[in-house]
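See below for the structure under consideration.
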Amino acid sequence: MAILLELENYMLPCMNKQIFGIECPGCGIQRSISYLLDGNFIEALKIYPAIYTIIFLVGFIGASLLFDIKNSFKIKIYLLYLNAGIIIVSYIYKMVHLIH
């Protein structure tokens, strides 16, 4: 909990939310990372459902830079589509529940 409280002082505000009053598809990722660092893995998933697949994508990109991985380009594209799909679906879900 201490890491979360400390990181909240340095989180960037969402300009989309400040200007238009609604969250953007990236809203929640900073808080989700702080939950991960604090060990609250379920809360991190609830706040931003794509957090684990994004971490996996970044890790895979790093590994593909260091090692020669067969079909790495196709895997990266698949992971990008997977992340985009999760982000879009979770954003739509959030907006539908915000309206109702």
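What you see is a predicted model, and the numbers here were worked out from it, not measured in a lab. For reference, positions follow the sequence shown, starting with 1.
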Report summary line: Nearest heavy-atom contact between Lys70 and Ile75 is O-CD1, 4.0 Å
Query raised in the report: Ile29 versus Ile47: any side-chain heavy-atom pair under 4.5 Å?
Result: no
Report task. Determine the minimum heavy-atom distance between Ile51 and Ala44, stating which atoms define it. Result -> CG2-O, 3.9 Å
Requested in this report: State the CD-CG distance between Glu43 and Asp38, to the nearest 0.5 angstrom.
Outcome: 11.0 Å
Report summary line: Interatomic distance, CD1@Ile19 vs CD1@Ile22, rounded to 0.5 Å, equals 11.5 Å
Report summary line: Rounding to 0.5 Å, atoms CG (Asn71) and CD1 (Ile77) come to a distance of 12.5 Å
Requested in this report: Indicate, with yes or no, if Ile55 and Ile87 share a hydrophobic cluster defined by side-chain heavy-atom contacts under 4.5 Å among Ile, Leu, Val, Met, Phe, Trp and Tyr.
Outcome: yes
**Report entry** Check against side-chain contact (heavy atoms from CB on, under 4.5 Å), Ile61 and Leu79
**Finding:** CA-CA 10 Å; Ile61 290 171; Leu79 289 172; over 6 Å; no
Query raised in the report: Tell me, which pairs form a side chain to side chain donor-acceptor pair (under 3.5 Å) where one or both residues lie in residues 46-68, sequence neighbours left out?
Result: Thr53-Asn83, Ser64-Lys76
Report summary line: In this structure, CD1 of Ile54 is separated from CD1 of Ile86 (nearest 0.5 Å) by 8.5 Å
Requested in this report: Measure the CE-SG distance between Met15 and Cys24 for me, rounded to the nearest 0.5 Å.
Outcome: 11.0 Å
Requested in this report: Could I get the full list of side chain to side chain donor-acceptor pair (under 3.5 Å) partners for Ser72, not counting sequence neighbours?
Outcome: none
Report task. Can you run down the side chain to side chain donor-acceptor pair (under 3.5 Å) pairs that involve residues 15-29, sequence neighbours left out, and say none if there aren't any? Result -> Lys17-Glu23, Glu23-Lys94
**Report entry** Within one Ile-Leu-Val-Met-Phe-Trp-Tyr cluster: Ile69 and Phe56, side-chain cutoff 4.5 Å
**Finding:** yes
Requested in this report: Report yes or no: do Leu37 and Val58 belong to one cluster of Ile/Leu/Val/Met/Phe/Trp/Tyr joined by side chain heavy-atom distances under 4.5 Å?
Outcome: yes
Query - Pairs touching residues 58-92 that satisfy ring-ring contact (aromatic ring centres under 6.0 Å, His included), sequence neighbours left out - result: none
Query raised in the report: Just wondering, more than 12 heavy atoms not from Ile42 lying within 6.0 Å of its CD1?
Result: no
Query raised in the report: Listed by chain and number, what are the side chain to side chain donor-acceptor pair (under 3.5 Å) partners of Ser32, not counting sequence neighbours?
Result: none
**Report entry** Verdict with supporting geometry, Leu82 and Leu57, side-chain contact (heavy atoms from CB on, under 4.5 Å)
**Finding:** CA-CA 10 Å; Leu82 176 66; Leu57 172 63; over 6 Å; no
